[in-house]
Amino acid sequence: VQLLESGGGSVQSGGSLRLSCAASGYTYSRNCMGWFRQTPEKEREGVAAIDSNGRTTYADSVKGRFTISQDNAKNTLYLQMNSLIPEDTAMYYCATVTPCRAKVEAILETTAMWDYWGQGTQVTISS
């Protein structure tokens, strides 16, 4: 499986960005996809995840500001990020669990269950 992120960039606080992740090479149809982020000072943390039924989960820090979605026909994952703050500055990674039988709430808590990762896209928010 290959994952390719795009859409990162630099915006001012209060602005918006939409990240995309194009996936290819799946063998199974029941997959989970998610977004993680990492800074040099912190470990990689889960931001949002979605399963093949559209069930979603979010980190508390982004609830109400970020929306995860997927276009199954295009095998593309999205992360709409609104009301961005400087603390959202990080490298954002797309990841997938395939096949996925676990609850999204559980798999977002750890990086260990995720099978494939993208290369990341940088998001920088200035105050």
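What you see is a predicted model, and the numbers here were worked out from it, not measured in a lab.
A search for side-chain hydrogen bond (donor to acceptor under 3.5 Å, both in side chains) contacts involving Y26 returns T96, not counting sequence neighbours. Under the rule for a side chain to side chain contact (heavy atoms under 4.5 Å, CB included), the partners of K103 that lie at least two apart in sequence or sit in another chain are E105.
No donor-acceptor distance shorter than 3.5 angstrom exists from the side chain of T110 to the backbone of I107, with no hydrogens or angles considered. A side-chain donor-acceptor contact under 3.5 Å links D71 to the backbone of A73. For the pair S13 (side chain) and S127 (backbone), a donor-acceptor distance under 3.5 Å is absent.
Both Y92 and L3 are members of a single hydrophobic cluster when ILVMFWY side chains are connected at heavy-atom separations under 4.5 Å. M113 and V47 are not part of a single hydrophobic cluster, where members link through side-chain heavy atoms under 4.5 Å apart. The hydrophobic cluster containing M33 also contains I68, counting ILVMFWY residues as joined when their side-chain heavy atoms lie under 4.5 angstrom apart, directly or transitively. In the hydrophobic cluster analysis, where Ile, Leu, Val, Met, Phe, Trp and Tyr join through side-chain heavy atoms closer than 4.5 angstrom, M91 is grouped apart from L77. No continuous path of hydrophobic side-chain contacts links Y78 to M81 [ILVMFWY only; heavy atoms under 4.5 Å].
For the pair Y116/Q2, no side-chain contact is recorded, criterion being any heavy-atom separation below 4.5 Å from C-beta on. By the 4.5 Å heavy-atom criterion applied to side chains, T67 and L79 are not counted as neighbours. Contact check for V123 versus L19: side-chain heavy atoms found under the 4.5 Å cut-off. Side-chain contact between V1 and W117: absent, with no pair of heavy atoms (C-beta onward) separated by less than 4.5 Å. Taking the side chain as every heavy atom from C-beta outward, S16 and Q80 approach each other to under 4.5 Å. With contacts defined as side-chain heavy-atom distances shorter than 4.5 Å, the pair S52/S29 does not qualify. Put simply, the side chain of N31 does not reach to within 4.5 Å of the side chain of V97, judged on heavy atoms.
For Q122, the CD atom is densely surrounded, since the number of other residues' heavy atoms within 6.0 Å is greater than 12.
Contact detail for T76 and A22: the closest heavy-atom pair is OG1-CA, 4.3 Å. Between T39 and A90, the closest heavy-atom pair is CG2-CB, 3.7 Å.
Atom OG1 of T111 is separated from atom CD of Q38 by 9.0 Å, given to the nearest 0.5 angstrom.
A donor-acceptor pair shorter than 3.5 Å cannot be found between the side chains of T98 and D115.
Under a cutoff of 6.0 Å and an axis angle of 45°, R37 and Y93 do not form a cation-pi pair.
Judged as a disulfide (SG to SG under 2.5 Å), the pairs with a partner in residues 77-127 (not counting sequence neighbours) are, in order, C21-C94, C32-C100.
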Worksheet item: When you look at I125 and V11, which way does the side chain to side chain contact (heavy atoms under 4.5 Å, CB included) test go after all the steps?
Response: CA-CA 5 Å; I125 312 303; V11 297; 3.4 Å; yes
Worksheet item: Given the rule in the ring pair (Phe, Tyr, Trp, His ring centres under 6.0 Å) test, do W114 and F36 qualify, once you have shown the distances and angles that lead to the verdict?
Response: CA-CA 11 Å; W114 296 80; F36 287 74; 5.2 Å; yes
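Ion pairing of R65 with D88 is present here, as a side-chain N (NZ or NE/NH1/NH2) and a carboxylate O approach within less than 4.0 Å.
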